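Values in this document were obtained by computation on a predicted structure and should not be read as measured data. Numbered from 1 within each chain, the chains take letters A, B, ... in sequence-line order.
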Amino acid sequence: MIYFYNVSKEFGRGAGVYDLNFNIHKGEFVCIVGPSGAGKSTILKLIYMDEKPTDGKVVVDNFDSSMLQKDGIPYLRRRVGMIFQDFQLLRDRNVYDNVALALRVMRVRRKKIKKRVLQALNSVGLGHRAQYYPQELSGGEQQRVSVARAIVKEPIVLLADEPTGNLDPQVAREILALLRRINEQGTAVVMATHNYNLIKNTPYRRIRIEEGRVVDT
Amino acid sequence: MIYFYNVSKEFGRGAGVYDLNFNIHKGEFVCIVGPSGAGKSTILKLIYMDEKPTDGKVVVDNFDSSMLQKDGIPYLRRRVGMIFQDFQLLRDRNVYDNVALALRVMRVRRKKIKKRVLQALNSVGLGHRAQYYPQELSGGEQQRVSVARAIVKEPIVLLADEPTGNLDPQVAREILALLRRINEQGTAVVMATHNYNLIKNTPYRRIRIEEGRVVDT
Amino acid sequence: MSYGFLVKEGFSGLARAKFPSFVAILTITISLTLMGITYLGGTKLVHLFNQVRSGFEVEVFLSPGATEYDRSRIEEKLNNSELVTGFDYISKDDAAKRFEEEFGENIYEVLDANPLPASYTVRMDTRNFDHNDVTLMAQELGKMQGVDEVQYKQAVLRLLDRYANAVLIGGGIILVIVLGASILLVGNTIKLSIFAKREVIKIMRLVGATDLFIKIPFIIEGILQGILGAGFALLGLYGVVVGTNYLLGSFLTTELTMDWPIIGGVITLGLLFGLVGSARSIRMFISEIRY
Amino acid sequence: MSYGFLVKEGFSGLARAKFPSFVAILTITISLTLMGITYLGGTKLVHLFNQVRSGFEVEVFLSPGATEYDRSRIEEKLNNSELVTGFDYISKDDAAKRFEEEFGENIYEVLDANPLPASYTVRMDTRNFDHNDVTLMAQELGKMQGVDEVQYKQAVLRLLDRYANAVLIGGGIILVIVLGASILLVGNTIKLSIFAKREVIKIMRLVGATDLFIKIPFIIEGILQGILGAGFALLGLYGVVVGTNYLLGSFLTTELTMDWPIIGGVITLGLLFGLVGSARSIRMFISEIRY
Ligand SMILES: Nc1ncnc2c1ncn2[C@@H]1O[C@H](COP(=O)(O)OP(=O)(O)OP(=O)(O)O)[C@@H](O)[C@H]1O
Ligand SMILES: Nc1ncnc2c1ncn2[C@@H]1O[C@H](COP(=O)(O)OP(=O)(O)OP(=O)(O)O)[C@@H](O)[C@H]1O
Ligand SMILES: [Mg+2]
Ligand SMILES: [Mg+2]
């Protein structure tokens with residue numbers, strides 16, 4: 001469902017990712033691992049088309065990076081859930097509205113929104129923080145809001161960038177279990193992480209990146 | 001050198017930290033551990049006086065939270081190095097200027113600034129990123145810039161909030177080694193972390209927080 | 001569907017970004033107030049000029065021996081002139097009455113006979129004519145049988161004539177400058193207030209909002225800012241009107257008033273400023289912020 | 001020490017936050033331009049009024065039998081009047097010459113004798129007097145030995161008298177409104193451009209900057225914005241002056257000019273706007289942003 005064809009993304013000053021070739025199938029769970037600055041986030045950004053390849057093409061579902069116009073991108077992003085390394089929460093609205101936004105942009109009905117948002121917040125253990133603003137939350141709580149916003153729209157792919165970087169092992173395991181459950185319901189999951197301990201006992205495919213190149217898949 | 005006397009900080013809606021009593025001595029290395037939302041960052045914020053206690057008082061060096069006026073805070077912060085969980089980098093200047101700022105506010109001489117900034121960047125492995133802007137860096141790289149900015153001013157205390165949350169184990173160990181080296185030179189280090197693996201083999205004192213209270217020290 | 005949400009977003013945008021919104025509203029208020037003042041002052045001045053120019057009076061004094069026939073010839077000429085909007089015949093007796101009204105003495109008691117001549121007070125509408133037309137007319141009248149003398153305030157006429165166009169052009173220039181300045185200011189302040197929220201646009205895009213979805217709340221917010229700005233401008237203008245009337249009432253023949261055209265104009269302009277300003281700004285920014 | 005850094009920060013602040021700075025400069029430019037126009041227009045109008053009022057002419061026609069003694073009495077009276085700023089004696093011969101100049105015919109060729117009376121052209125400075133003083137003076141002159149008739153444009157005088165104060169008060173009101181509006185607008189736009197950088201202030205504080213250290217670059221940036229705004233306003237005003245002279249040159253007796261007071265005034269106000277605006281705004285914000 002996700003295809004990388006000879007993809008390179010160069011950032012001018014040398015850094016970037018080079019000549020990526022791999023596929024991720026429907027319902028698969030893939031971990032992207034590698035040291036800091038290797039290019040993990042860049043790969044995820046290429047999938048949700050925040051970055052355009054400088055070479056090659058990325059195909060997600062039936063969205064092709066080499067053909068997709070700007071006004072097609074929102075429709076791609078509605079099918080892809082994203083957990084950002086830096087959370088990307090709106091400071092000017094509370095947790096509930098931050099999560100609900102993902103559904104509102106799709107024009108889901110109000111009642112349905114309420115039910116699903118509360119459900120998502122509970123599943124990340126933040127039901128009691130619905131009325132808080134992001135800056136009133138701890139780092140780990142903000143990260144979980146980002147998780148809730150990604151899963152609330154029931155995407156076909158879930159992209160998780162370091163989703164447990166700010167969480168203690170207990171909560172991290174809970175979040176991983178949550179991703180696993182979502183994966184079992186048919187959603188593909190692509191997780192970028194450096195938390196080897198967390199994934200070392202999982203059977204999931206690993207794509208290893210070093211200095212912008214796939215070294216092991 | 002850091003004293004918490006019956007310190008409480010309540011955030012209105014129930015959350016907060018309660019009745020903290022502990023000291024941290026000159027040159028000590030202390031880890032604050034506990035689950036997400038326990039109050040680790042709040043304790044660090046109380047030390048650099050980003051938050052004022054609602055009860056009790058915090059004394060750092062000879063700055064007393066119950067006496068300190070607003071215009072005294074900058075002088076406290078010049079003696080305290082801070083690594084923020086959310087990095088707090090200025091998007092409108094490059095890595096070099098971000099790190100140099102910590103010295104410029106102290107009116108250090110230009111030449112000295114240059115030498116010390118490059119040294120700090122090299123020690124976190126980012127000498128080659130000096131001209132990059134924060135938004136051009138990976139999550140781990142941004143975190144390391146935050147580390148460089150904290151150590152460049154040679155503080156008497158170093159507060160590190162989850163300094164390895166976005167780093168792979170290899171780099172995380174390097175950063176920990178760096179903190180250890182700094183500590184050996186006489187700087188006290190207070191590190192909030194949930195990375196048990198990283199610190200499990202260290203001899204450092206741990207203060208364990210749960211739901212805002214010290215449960216083990 | 002969630003159209004209600006978009007409208008609510010627009011309203012709460014105002015409340016969330018209080019300060020930038022406040023500045024946008026303030027700028028709209030000030031711009032509209034300045035334009036309103038320019039308009040009020042300009043129309044007042046034009047009105048004053050026109051009042052004088054449309055009611056310009058020429059006195060045609062008849063010679064003592066003027067006959068009925070002379071008078072009918074004169075009246076015929078007055079009736080046929082495009083310049084003349086009306087005239088009154090003032091007989092010797094009327095003139096005597098006026099004399100008594102003005103000076104408090106009966107002329108027959110002062111003198112044996114009434115030396116005051118009969119006359120016509122001719123009102124001319126000089127708005128579309130220049131002073132040469134009036135002079136010509138006066139000369140022609142002066143030469144007619146039965147006319148003794150034609151009197152009019154030539155100096156005033158020439159003055160009016162000279163400055164009427166200057167006032168119109170000058171007023172036009174000022175209005176254009178104020179309008180242009182207002183558009184620039186309002187447009188850029190709204191842009192700045194949207195600029196303060198570019199983070200919001202970025203995140204909206206990341207969660208899959210279409211451009212339209214992002215734009216609508218900003219435009220609704222802009223319209224609200226426009227309406228509020230117009231409201232405050234009307235209050236301000238009302239203050240200016242009352243203040244001016246109080247300070248200048250004794251100098252001016254008519255008072256300034258807030259009539260419907262100005263109220264309607266301010267509201268319409270406010271709406272337009274808000275709508276066009278926000279629509280243009282958001283379109284500009286949205287294309288600058290990366291997808 | 002790093003004072004150089006603070007100055008550099010101020011300059012690069014302009015470059016970094018291009019858009020908010022641009023809006024601040026634009027607002028200063030527009031405000032100063034509007035104030036300049038108000039000032040130019042106001043002084044021009046006052047100037048015109050004063051020109052007319054200070055050179056108000058009264059003609060004193062002498063009767064044919066006026067003696068040297070009569071004339072010396074008249075001149076004595078004129079010399080002693082505070083109203084009178086000067087007068088010219090026009091003898092019968094001078095009058096005849098003028099007649100020839102104006103009508104192209106030598107009066108002696110038309111008539112046998114010169115019927116034109118000798119006269120005084122008296123210039124009065126009516127700026128500090130109202131029309132009653134002039135009327136009184138005229139009446140007194142009229143009653144003097146040797147004076148046949150006194151003529152002056154009473155209507156013009158009354159008009160000037162009535163509107164001179166109105167123009168002054170009106171101009172004052174407008175200047176105050178424009179100045180007030182400018183201060184509000186400039187102050188708030190600078191605030192908004194600082195508001196866009198509150199993140200910077202927060203982080204500066206976290207790394208131990210004193211308030212003074214944070215403020216100085218903003219104030220330097222404000223001063224730069226003020227100077228740039230003043231520069232553009234001067235260009236704009238120059239354009240307005242040239243344009244107005246081009247469009248209205250034929251109506252006005254004197255042209256608009258950019259004199260030193262206005263250049264100095266614009267630069268001073270620009271500096272003040274930038275300095276005071278940024279100093280006040282940063283002081284306001286810095287206390288709002290938490291330590
Ligand atoms: N916009 C950009 N401009 C220039 N360089 C960039 C940009 N974005 C990323 N880079 C560089 O590309 C490299 C890969 O970045 P990326 O964010 O993908 O790393 P990562 O694997 O996610 O690392 P981490 O684990 O630290 O988050 C980094 O060295 C970074 O400096
Ligand atoms: N400004 C605030 N207003 C209200 N509540 C707050 C505020 N700041 C923190 N809190 C609450 O206080 C609690 C402790 O927060 P803190 O940031 O200290 O947690 P933490 O131990 O650092 O967690 P993490 O490991 O997730 O970073 C959290 O539940 C948080 O929601
Ligand atoms: Mg990353
Ligand atoms: Mg924390």
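With chain B as partner, the option from A:L167, A:L137, A:V171 having the largest number of non-hydrogen pairs under 4.5 angstrom is A:L167. Heavy-atom pairs under 4.5 Å with chain B peak, among A:G125, A:A172, A:G165, at A:G165. When each of B:Q143, B:Q170, B:Q142, B:Q131 is checked for heavy-atom pairs under 4.5 Å with chain A, B:Q131 comes out on top.
Residues of residues 29-50 of chain A that come within less than 4.5 angstrom of chain B, heavy atom to heavy atom, are A:G34, A:P35, A:S36, A:G37 in numerical order. The interface of residues 154-164 of chain B with chain A, defined by heavy-atom distances below 4.5 Å, comprises B:E162, B:T164. Contact annotation for residues 190-207 of chain B against chain A (heavy-atom separation below 4.5 Å, listed by residue number): B:H194, B:Y196, B:N197.
For A:F87, no part lies near chain B; criterion is any non-hydrogen pair under 4.5 Å.
Here salt bridge (charged side-chain N to carboxylate O under 4.0 Å, His left out) pairs that include residues 119-132 of chain A, with residues two or more places apart or in two chains, are A:R129-A:E141.
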